[in-house]
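One-based numbering, in listed order, for ligands and for the atoms of each. Values in this document were obtained by computation on a predicted structure and should not be read as measured data.
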Amino acid sequence: MSPSPKTASKPELDFGNAWEYAAAPEGTKVSIEPKYGLFVNGEFCAPRSKRYMDSINPATEEVLSKVAIANQADVDKAVAAAKAAFPKWKRLKPSERAKYLFRIARRIQERARELAVLETLDGGKPIKESRDVDIPEAAKHFFYHAGWADKLDYVFPGRKGTPIGVCAQIIPWNFPLLMAAWKIAPALACGNTVVLKPAETTSLTALRLAEIFQEVGLPPGVVNIVTGAGNTGAALAAHKDVKKLAFTGSTGVGKELARNLAGSGKRLTLELGGKSPNIIFEDASIDQAVDGVVQGIYFNQGHVCCAGSRLFVQEGVMDEVLARLKVRIESLRVGDPLDKNTDLGAINSIGQLATIKRYIEAGNSEGAQMFQSAAKLPKHGYWCKPTWFTDVQPSHTIAREEIFGPVLSVMSFRTPEEALMRANNTPYGLAAGVWTDKGSKIFEIASRLKAGVVWCNSYNRFDAASPFGGFKQSGFGREGGRQGLLSYLELKS
Ligand code: NAD
């Protein structure tokens, strides 16, 4: 088995002609099939369930395509394909596995424009984010893990790591292709095979990735993609031949999966929700900090697990921070995600918009003071203005629960001890930000924040070499770096 490029077989040819989305920026044409089947054993196939769901462009409410809903029989077929492919993939020379990963990374780069437009159409995020973050970072994850494939002995120095088997991977809708890359790349590098389930509102780029797997000649069954909603995910997680589940999503579903899998012998890693603090001290560079706050909460419409949704400002600079924040927020452009000047795109789904509105109502009814930018919203589609609340109490719902939208809660503090106590006063522990001019304060505060990632004088920066994951109810296990490989290997001494 060595990588040999071949022409991708068209998904579901008998469903009619693809249509091309011509309105994409810079003339990039993206063809979208009217219907997509499942990707099993290296081929696209109609679901045994015969059922499909709409994939909607949240900026226009247009139906982009229909995507298969996999049932138990479909999941069985995909897991059987992954199980059959495992012995050969596991025995493949690691340097050969690496070649496949390199080729996938290269094809993602070569098809980057198309993937970026498709991601933006399907998910609503601004094209500048898909183009500059999601797609290049997805390619980087494959490059990075290609490098590890033949160096796994360094993961457990002096010991032997062996692959686990069939890995079920379930991902959310906020970074669809990037989350697929975070999951698939380390699993394959370690010699496992995969059944991936994308989120129900954003399956299109994962299916496009399947075309790339065909193009690079990835052996059939090594990665299988089953689309569908929660029932499909539950069937996949419970399948007896799945040896490991990697889940990224809400804390509620993560807890349910942990309960269901207890005693099953399956390995489990959970990347869950967050309510991350972003702390500005009086000695910080305020302009830089305010930029970081905007990046922390309005990037990807706030649909970010590590969003800096709780802002803590030291009392002496509160007025200055709020004044500058207001100016910055008013300058954010909300609207057409395909416009390269857009800062905030569409909310991913009508359901998520309803959730965000409920939280905004709660903020108002519990006594916080709301501000919203004067941005004009498009008539169609799902939109939310950049929103921030002051006079927020720690007991308020908007200060405690994950909103997963462009809504910031601003609170004040007097001393570093108070900042730490309030920042850590949450059931979550995914990320945190610290803004200060003092190096010693950075080390002290960062070491005492209970969060898996702490950014200092920056926010929302990612690197494939840097392990990402949470404390407390934000989950367990890490993705990225050497530590991310540990959850895809069994250890032998
Ligand atoms: P979700 O939990 O509703 O869904 C996530 C995925 O799980 C989807 O593919 C969904 O179809 C599937 N699913 C739903 N119910 C299931 C069940 N009972 N069994 C198996 N699978 C099931 O979450 P979401 O709304 O798609 O995503 C938002 C959440 O994800 C937020 O809480 C966010 O913080 C979290 N998230 C975490 C990270 C991280 O790395 N920690 C990254 C991105 C998103």
| said: Students often mix this up, so state it plainly: with edges at 30° and 60°, are the rings of W148 and Y144 parallel, tilted or perpendicular? | reply: perpendicular
| said: Any carboxylate oxygen within less than 4.0 angstrom of a Lys/Arg side-chain nitrogen, looking at E490 and R267? | reply: yes
| remark: So for E200 against ligand 1, with non-hydrogen atoms under 4.0 Å, the contacting part is side chain
| query | Under 3.5 Å, N or O to N or O, is P172 touching ligand 1 that way? | reply | no
| Nearest candidate to atom 35 (C) of ligand 1, where distance is taken over non-hydrogen atoms, out of G249, G477, G469 | G249
| N or O contact, I171 vs ligand 1, cut-off under 3.5 Å | yes
| remark: Note: L236, heavy atoms under 4.0 Å from ligand 1, region reported as neither
| query | Would atom 41 (N) of ligand 1 count as contacted, meaning some protein heavy atom under 4.0 Å? | reply | yes
| task | Tell me which one of G452, A235, G230 gets a heavy atom nearest to atom 13 (N) of ligand 1. | result | G230
| Which one holds for E479 and ligand 1: side chain close, backbone close, both close, or neither close, with close meaning a heavy atom under 4.0 Å? | neither
| Does ligand 1 have an atom that lies less than 4.0 angstrom from a heavy atom of G252? | no
| note | Filtering L178, T232, V253 for the heavy atom nearest atom 16 (C) of ligand 1 leaves V253
| Part of A229 within contact of ligand 1 (heavy atoms, under 4.0 Å) | backbone
| field | Close N or O approach (E402, ligand 1; < 3.5 Å) | value | yes
| message | Quick check: K197 and ligand 1, any N/O pair under 3.5 Å apart? | response | yes
| task | Among T227, I171, I170, find the one that has a side-chain contact (heavy atoms from CB on, under 4.5 Å) with L196. | result | I171
| note | Check: of F247, W182, F468, min heavy-atom distance to atom 7 (O) of ligand 1 comes from F247
| Around K472, counting heavy atoms of other residues, nucleotides and ligands shown, do more than 12 lie under 6.0 Å from its NZ? | yes
| request: May I ask whether F175 has any heavy atom positioned less than 4.0 angstrom from an atom of ligand 1? | output: no
| Contact partition for C306 relative to ligand 1, non-hydrogen atoms under 4.0 Å | neither
| Hey, is ligand 1 close enough to S250 that some N/O pair sits below 3.5 Å? | yes
| Should the proximity of H303 to ligand 1, defined as any heavy atom under 4.0 Å, be assigned to the side chain, the backbone, both, or neither? | neither
